[in-house]
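Letters A, B, ... mirror the listed sequences (proteins, then strands); counts begin at 1.
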Amino acid sequence: MTGSPMPSYHPKAIEPKWQRYWDEHQTFRTSDHPASPQQRKFYVLDMFPYPSGSGLHVGHPEGYTATDILARYRRMQGWHVMHPMGWDAFGLPAEQHAIDTGEHPAINTERNVQNFKRQIKMLGFSYDWQREVNTTDPEYVRWTQWIFLQIYDTWFDPVAKKGRPIAELPIPDEVRRRGPDEVARYQDAHRLAYQAEVPVNWCPALGTVLANEEVIDGKSERGGHPVIRMPLRQWLMRITAYAERLLEDLNLVDWSESIKKMQRDWIGRSEGAEIDFPLAAEGGELTAHDGVATPRADGLSIRVFTTRPDTLFGATYMVLAPEHSLVGQITTSAQRQAVEDYQRAAASKSDLERTDLAKTKTGVFTGAYAINPVNGRLLPVWIADYVLASYGTGAIMAVPGQDERDWEFAEVYGLPIIRTVQPPEGWSGKAYLGDGPAINSGFLNGLQVEEAKARMIDHLVEKGIGRRKVNYKLRDWLFSRQRYWGEPFPILHELDDEGRPTGRMRPVEDADLPVRLPDLADFKPTGNPEGPLVKATDWLYVMIDGKRYRRETNTMPQWAGSCWYYIRYLDPRNAERFCDPEKARYWLPVDLYVGGAEHAVLHLLYARFWHKVLYDRGHVFCPEPFQKLVNQGMILGENNEKMSKSRGNVISPDKVVDEYGADSMRLYEMFMGPLEAVKPWSMRGVEGVYRFLSRVWRLVVDERAENVCLNDSVQDVEPDRELLRALHRTIQRVTEDLDDLRFNTAIAAMMEFTNLLTPLSIRPHRVLETFVLLLSPFAPHIAEELWSALGHSQSLAYEPWPQFDPDLVKADEIEVPIQVNGKVRSRLTVPAGTGEEQLRELALADERIQSFIGGKKIVKVIVPRGQLVNIVVAG
RNA sequence: GGCCGCGUGGCGGAAUGGCAGACGCAGGGGACUUAAAAUCCCCUCUCCGGUUACGGAGGUGCGGGUUCGAGUCCCGCCGCGGCCA
């Protein structure tokens with residue numbers, strides 16, 4: 001605060017004052033219960049930030065301002081508003097800092113949180129800080145671990161299509177007969193949280209595995225370190241079991257089509273068939289000339305998934321992913337060396353590199369042949385890295401005639417190409433993917449693609465060599481990380497007398513949660529896949545009932561805490577449960593969720609998945625967590641480029657607030673353009689809204705006085721009809737724009753109204769009061785100050801939102817343009833509500849119009865909604 | 001390569017199929033001032049005619065279409081952005 005005199009607009013003096021007022025009066029504390037049964041609830045949520053060391057950037061306040069305006073608006077409309085904030089505070093930068101400096105990540109994190117909180121509070125957001133959560137808080141971690149155990153305790157019943165307690169999993173008799181260990185193994189294999197040996201992206205530099213999404217171009221998303229593929233035993237979440245519901249329930253939510261589509265594409269549902277191709281006995285290629293191929297004695301076959309079973313007659317070779325388990329068994333001795341060399345080379349490539357369409361296809365023949373089950377044709381079996389082990393069955397039937405990549409591969413290696421769909425006349429391309437009649441396809445000939453698919457599947461089912469199958473691109477979620485700064489898994493591994501794991505696991509009892517992170521002197525990665533927690537030898541071993549256990553040393557990924565924070569806000573200090581069911585029932589789903597589009601797929605998919613498991617297990621009561629979702633657009637630098645330190649175009653909120661105040665910052669970010677649009681920053685623009693706020697200030701306050709007191713023009717008089725109409729029109733525009741999240745045009749409406757008020761020498765007190773209320777959600781500090789200057793002793797935060805009178809909004813007279821053949825030629829000024837017939841007559845009688853239509857034939861006259869006349873003349 | 005979104009003044013942007021360019025920025029002129037800043041008032045899409053008043057023509061990336069009427073709807077192209085490959 002500077003000691004400068006108050007009468008001119010001085011945000012630095014008024015903003016901290018009102019922030020203190022709101023804090024001291026707990027103005028925005030949200031009660032657990034509605035004031036009356038009629039009160040509507042409104043849960044408006046921001047994507048909580050990762051408190052990085054560099055502090056807030058101007059992108060954060062964009063979404064936060066939008067939600068804050070709506071929260072304040074709804075409060076004034078009498079709604080029961082939930083508007084919380086917290087910290088997504090586990091993450092790699094804090095751990096890296098710890099590795100570099102030896103300082104515990106919690107200390108660094110706390111410092112960053114304090115800085116973020118200071119910056120957020122300086123913008124005057126109306127959060128209920130009593131509900132602040134921090135994902136690294138042991139009391140929060142406790143419930144993240146508890147939810148993990150809920151998921152661990154759940155299996156997916158494919159018949160009921162829902163998650164059920166593992167105790168309800170039917171155990172087959174043969175499993176039961178083999179004893180309790182087998183039963184436990186069977187259960188473990190069905191849990192939604194399970195361990196499996198999977199090929200992972202191991203990043204030696206970070207000392208951790210990474211999810212596919214965290215690997216970009218073979219390098220880690222954070223840090224850009226090289227990543228290699230290797231098989232490791234990891235925790236996974238069976239999100240694939242929920243694929244269908246995650247897809248289906250997108251129909252229940254009010255999200256933009258583009259975000260829904262991104263989620264749908266990520267889930268990647270496709271319908272097709274699974275087909276078994278028997279492998280031919282060695283030397284089978286010799287018998288092919290006789291048209292008889294002999295299957296291998298051991299009956300081995302290759303199972304493929306295809307979305308185009310109609311093209312089966314066009315299969316001319318087969319491809320296995322280099323990692324496919326059959327490769328070793330079927331490769332002939334002559335090909336073994338080449339195959340093994342190729343497998344090694346493929347292991348060092350990322351999926352992205354392998355499947356790049358532009359890349360020249362490579363592969364190696366295994367020496368083996370499979371038999372096409374529909375025509376007995378022998379198909380050479382290759383391995384190639386363009387086939388991924390993780391998609392479908394990790395094997396394909398190659399149909400070059402109808403698949404671009406197969407065509408390319410066939411060209412490179414001189415494999416035969418058979419078209420099975422007739423391309424349109426004049427087709428000059430290679431593979432033809434479109435519709436058309438089947439050719440070279442036996443009993444399918446002449447059928448269009450869809451019909452041919454159905455007929456082929458029927459045929460496969462009848463012969464017992466294939467089945468209808470739905471496939472998803474979605475993979476199970478790799479849930480473990482070899483890091484320190486994350487939630488420990490609440491899982492104990494049983495050890496035998498020699499200290500070797502028995503393979504039996506037990507979850508930590510609820511009463512013993514949270515499993516806290518042990519303190520470490522050294523946070524460096526161990527360089528082996530066990531993670532830094534193995535160094536905490538005191539923490540690592542546990543004795544229970546005379547048995548020795550070793551704690552799980554993996555930690556959870558950063559996504560874990562953000563999967564359920566919106567629930568914890570509702571009951572943040574509950575020590576008995578993760579959330580009181582009555583509170584969850586009352587507040588959920590979130591009515592409006594605002595955040596960056598970078599979370600459009602993963603965060604939202606993971607959070608929806610956890611929500612659905614909690615829903616199935618009876619802990620939450622609505623199928624979807626986020627009813628309406630809005631993605632704010634990115635704010636670019638003043639040079640129209642993405643803001644970044646390296647480009648030197650970063651705008652600091654601290655600086656903006658220091659120069660112009662929080663209200664100008666808020667107002668500018670909302671005035672820049674539509675919330676969802678990408679838009680460049682402009683300091684001149686900030687100055688523009690600052691000038692607007694100064695003008696508003698001067699409408700009310702006497703600048704010449706020593707203290708804040710009313711301008712002489714503010715008088716206790718009734719507004720004239722014209723001013724009253726403009727006021728009500730402004731109320732209408734601001735209200736309707738707020739309902740539709742059109743903040744930029746709402747602000748424009750208020751600017752127009754002040755432009756009208758500025759030249760007036762008498763400004764009715766009542767009109768200014770109403771206007772200040774309209775402005776208050778956008779620029780709350782100046783609004784509070786003016787409200788107080790207008791004679792009120794309490795905050796305006798719960799003043800009723802102004803209502804407009806629809807009759808008053810209507811103008812007495814309107815101007816009606818008259819067009820001739822669509823061009824405006826004249827205008828009429830008529831009383832509002834003049835009938836169409838009368839408008840038509842007035843228009844035709846108009847002198848200027850006469851000169852345009854004179855002598856011409858009038859074809860018709862159109863008077864839409866009595867607002868315009870268009871006269872259509874011939875010639 | 002596929003899918004999605006977007007192309008409007010010098011700039012950010014406004015326009016339920018109905019007067020294109022609201023509002024703001026930048027720019028120009030004026031008032032106030034010893035002066036400057038601040039503030040207030042006026043002008044500001046392009047071209048043509050006119051001293052003025054004003055009138056006319058064109059104009060929303062390009063080309064077509066639907067319609068009495070298209071920035072808005074449809075088809076094709078070009079450019080930019082995002083997501084996926």
Show me the protein contacts with nucleotides 22-26 of chain B, counting only N or O atoms at under 3.5 Å.
unit_1 : atom_1 : unit_2   : atom_2 : d
B/A22  : O2'    : A/Glu752 : OE2    : 3.1
B/G24  : OP1    : A/Asn755 : ND2    : 3.1
B/C25  : OP1    : A/Arg691 : NE     : 3.2
B/C25  : OP1    : A/Arg691 : NH2    : 2.9
B/A26  : OP1    : A/Arg684 : NH1    : 3.4
B/A26  : OP2    : A/Arg691 : NH2    : 3.1

Presence of salt bridge, [Y] and [X], under 4.0 angstrom:
{"X": "A/Arg264", "Y": "A/Glu248", "answer": "no"}
{"X": "A/Lys361", "Y": "A/Glu411", "answer": "no"}
{"X": "A/Lys679", "Y": "A/Glu669", "answer": "no"}

*Span that lies between the C1' atom of B/A20 and that of B/U46, in whole angstrom*: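 Each nucleotide's C1' atom is 14 Å from the other's.
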*Can you tell me, in whole Å, how much space there is between the C1' of B/G71 and that of B/G61?*
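B/G71 and B/G61 have their C1' atoms separated by 12 Å.
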*Name the one of A/Trp697, A/Phe692, A/Tyr660 that satisfies ring pair (Phe, Tyr, Trp, His ring centres under 6.0 Å) with A/Tyr9?*
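The residue from A/Trp697, A/Phe692, A/Tyr660 that satisfies ring pair (Phe, Tyr, Trp, His ring centres under 6.0 Å) with A/Tyr9 turns out to be A/Trp697.
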*asked:* Check the phosphate of B/G58 against A/Lys823, side-chain N and O only, distance under 4.0 Å to OP1 or OP2. Yes or no?
replied: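 Checking B/G58 against A/Lys823, a side-chain N or O does come within under 4.0 Å of OP1 or OP2.
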*Closer than 4.0 Å, any side-chain N/O of A/Lys860 to the OP1 or OP2 of B/C68?*
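Yes, because at least one side-chain N or O of A/Lys860 sits under 4.0 Å from OP1 or OP2 of B/C68.
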*With pairs defined as Watson-Crick or G-U wobble and both distances under 3.5 angstrom, please note down RNA chain B as a dot-bracket string, | for pairing with another strand.*
(((((((..(((.....[....))).(((((.......))))).(((((....)))))..(((((..]....)))))))))))).
*Could you tell me whether A/Phe753 and A/Phe771 have their ring centroids closer than 6.0 angstrom?*
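Ring centres of A/Phe771 and A/Phe753 closer than 6.0 Å.
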_Ring-ring centroid check A/Tyr668 A/Trp681, cutoff 6.0 Å_ =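 Between A/Tyr668 and A/Trp681, the centre distance is under 6.0 Å.
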Checking all strands, does [X] fall into the base, sugar-phosphate, or nothing category for heavy-atom contacts under 4.0 angstrom?
{"X": "A/Val678", "result": "sugar-phosphate"}
{"X": "A/Asp265", "result": "nothing"}
{"X": "A/Arg264", "result": "nothing"}

*Starting from the 5' end of RNA chain B, give me the residue, A/Arg698 or A/Pro817, whose nearest nucleotide shows up first.*
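It is A/Pro817, whose closest nucleotide lies nearer the 5' terminus.
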